[in-house]
Novice: 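Please see the structure below; I have some questions.
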Amino acid sequence: MSETPGLQSSSRMHGGRVETLRHASACSACDMQLSVFVPPQAEQGPVPVLYWLSGLTCTDENFTTKAGAQRWAAECGLMLVAPDTSPRGEHVPDDPEGAWDLGHGAGFYVNATQEPWSANYRMYDYVVDELPALIEAHYPVDPARRAISGHSMGGHGALVAALRNPGRYRSVSAFAPICSPTRCGWGHKAFGSYLGDDRAAWEEHDACLLIERRGCELPLLVDQGDADGFLDAQLRPELLHEACATAGVELELRMQPGYDHSYFFIASFIEDHVRFHARHLGA
C-alpha cells in the first residue's frame with residue numbers, strides 16, 4: 001500500500017483550497033480519509049496547523065462543510081486538518097447491533113487492545129503520530145507549531161492527546177467535550193469494548209484524571225452549550241472545572257446560553273477558537 005495520499009477532490013475557498021485525501025494507514029490497517037484546508041499563506045512558506053477531531057457518527061466532512069472555520073483560518077494563516085473518526089471498510093469490525101456509539105464513526109481516539117477491535121481501532125496513534133507525519137511530509141507546515149481541537153468525542157480526544165503529549169501542541173480547545181469518559185455511559189461502553197476491564201488504561205484516556213495527576217500547562221479553552229441534551233449524563237463539564245481547580249490549571253470554560261450540541265453551536269463560536277489557536281501558534 002502506498003504511503004502517498006491520494007487526492008480525491010480539491011476546491012478553491014477563501015483564497016486557499018479544501019482538499020479531500022485518502023491514504024493507506026498503518027495504524028488502522030485500512031484506507032483513511034481526511035480533509036485539509038490549505039490557507040493562501042502556505043504559498044509563501046510553512047504555516048501552523050490546527051488538527052480537528054470530530055464527534056460520534058461524524059466523518060471528516062462534517063467539520064469541513066458545516067463549521068465555517070476556513071474563513072478564519074485563511075485570515076490567520078492556519079492549516080486545518082480534519083481526519084475521520086474511525087477506521088472504516090468491509091473488513092473493519094462494526095457494532096453487530098448497528099449502534100451509533102461503537103464501531104464505525106466511534107473510534108474514541110484510543111488504541112484498542114480487545115478483539116475484534118485491536119487490529120484496526122488505533123485512533124490514538126493515528127492522530128498523535130501517523131497523521132502529523134503524513135501532513136508534515138506532504139504539506140508546507142511548521143512541525144513546531146501544532147494545535148488541536150475537537151467536538152464531543154473529538155473534544156475528549158483532543159484534550160487527551162494534548163495532556164498525554166507535553167510539548168507536541170501549543171494550545172488545545174474543545175466544544176462540548178466528553179470530559180470524563182470513565183464516569184459516563186458513552187465512555188463505559190467504548191472503553192469496556194476497546195480496552196476491556198483494565199481500568200488503568202481507561203484512566204489514561206480521561207482528561208479530568210490526567211489533569212488531576214499531571215496538571216496542564218497549555219492554554220485551554222472549552223465552550224459548552226447549556227441547552228445541550230447530553231450535558232448532564234455524558235459531557236459533565238463540571239468535572240473538568242473541578243479537576244482544573246484542584247490542580248491549579250487555568251481553564252476558560254464558557255457556558256453558552258441556549259446552545260445545543262449541533263454544528264450550529266460550533267459555527268457560532270469557531271472564530272473564537274481559530275483566533276485562540278492563532279495567537280498561541282504565532283500565526
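Reckoned from all heavy atoms, side chains included, excluding hydrogens, waters and symmetry mates.
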Novice: Does one side chain, of H280 or R145, offer a donor that lies under 3.5 Å from an acceptor on the other?
Specialist: no

Novice: Centre-to-centre under 6.0 Å for F175 and H273, is that the case here?
Specialist: yes

Novice: Less than 4.5 Å apart, any side-chain heavy atom of E136 and any of R146?
Specialist: yes

Novice: Would E203 and R213 pass as an ion pair if we require N to O under 4.0 Å?
Specialist: yes

Novice: Show your working on side chain to side chain contact (heavy atoms under 4.5 Å, CB included) between H91 and C30 and close with a plain yes or no.
Specialist: CA-CA 9 Å; H91 72 287; C30 68; 3.7 Å; yes

Novice: Please check: side-chain N/O of Y121 versus main-chain N/O of F108, any donor-acceptor pairing under 3.5 Å?
Specialist: no

Novice: Establish, from distance only, whether the side-chain atoms of S9 and T20 form a donor-acceptor pair under 3.5 Å.
Specialist: yes

Novice: Answer yes if the side chains of T4 and H138 hold a donor-acceptor pair under 3.5 Å, and no otherwise.
Specialist: no

Novice: Going through the checks in order, is the side chain to side chain donor-acceptor pair (under 3.5 Å) test met by D60 and Q33?
Specialist: CA-CA 7 Å; D60 61 295; Q33 183 163 299; 3.2 Å; yes

Novice: Without hydrogens or angle criteria, can the side chains of Y124 and E204 be said to hold a donor-acceptor pair below 3.5 Å?
Specialist: no

Novice: Under 3.5 Å, is there a donor on one side chain and an acceptor on the other for Q256 and D223?
Specialist: yes

Novice: Shortest non-hydrogen contact from Y109 to D84?
Specialist: OH-O, 4.4 Å

Novice: Can you name the nearest heavy-atom pair linking R122 to A112, along with the distance?
Specialist: NH1-O, 4.1 Å

Novice: Exactly one of I148, L221, L50 should register a side-chain contact (heavy atoms from CB on, under 4.5 Å) with H277. Which one does?
Specialist: L50

Novice: Between R275 and E271, is there a side-chain N and carboxylate O pair less than 4.0 Å apart?
Specialist: yes

Novice: Is a donor from one side chain sitting under 3.5 angstrom from an acceptor on the other, for D206 and S180?
Specialist: yes

Novice: Would you confirm whether S173, through its side chain, and S149, through its main-chain N or O, come within 3.5 Å as a donor-acceptor pair?
Specialist: no

Novice: When you compare the side chains of S25 and E130, does any donor N or O come within less than 3.5 Å of an acceptor on the partner?
Specialist: yes

Novice: Near R71 CZ, under 6.0 Å, is it more than 12 heavy atoms from other residues, nucleotides or ligands?
Specialist: no

Novice: Nearest 0.5 angstrom please: M123 CE to Y194 OH, how far?
Specialist: 10.0 Å

Novice: Could you go through the side chain to side chain donor-acceptor pair (under 3.5 Å) check for S54 and H151 one step at a time?
Specialist: CA-CA 5 Å; S54 292; H151 171 231; over 6 Å; no

Novice: With a cut-off of 6.0 Å (strictly less than), are more than 12 heavy atoms of other residues, nucleotides or ligands near CD of Q44?
Specialist: yes

Novice: Does the distance from a Lys or Arg side-chain N to an Asp or Glu carboxylate O, for R88 and D31, drop under 4.0 Å?
Specialist: no

Novice: Can you tell me if R170 uses its side chain to pair, donor with acceptor, with the backbone of A144 under 3.5 Å?
Specialist: yes

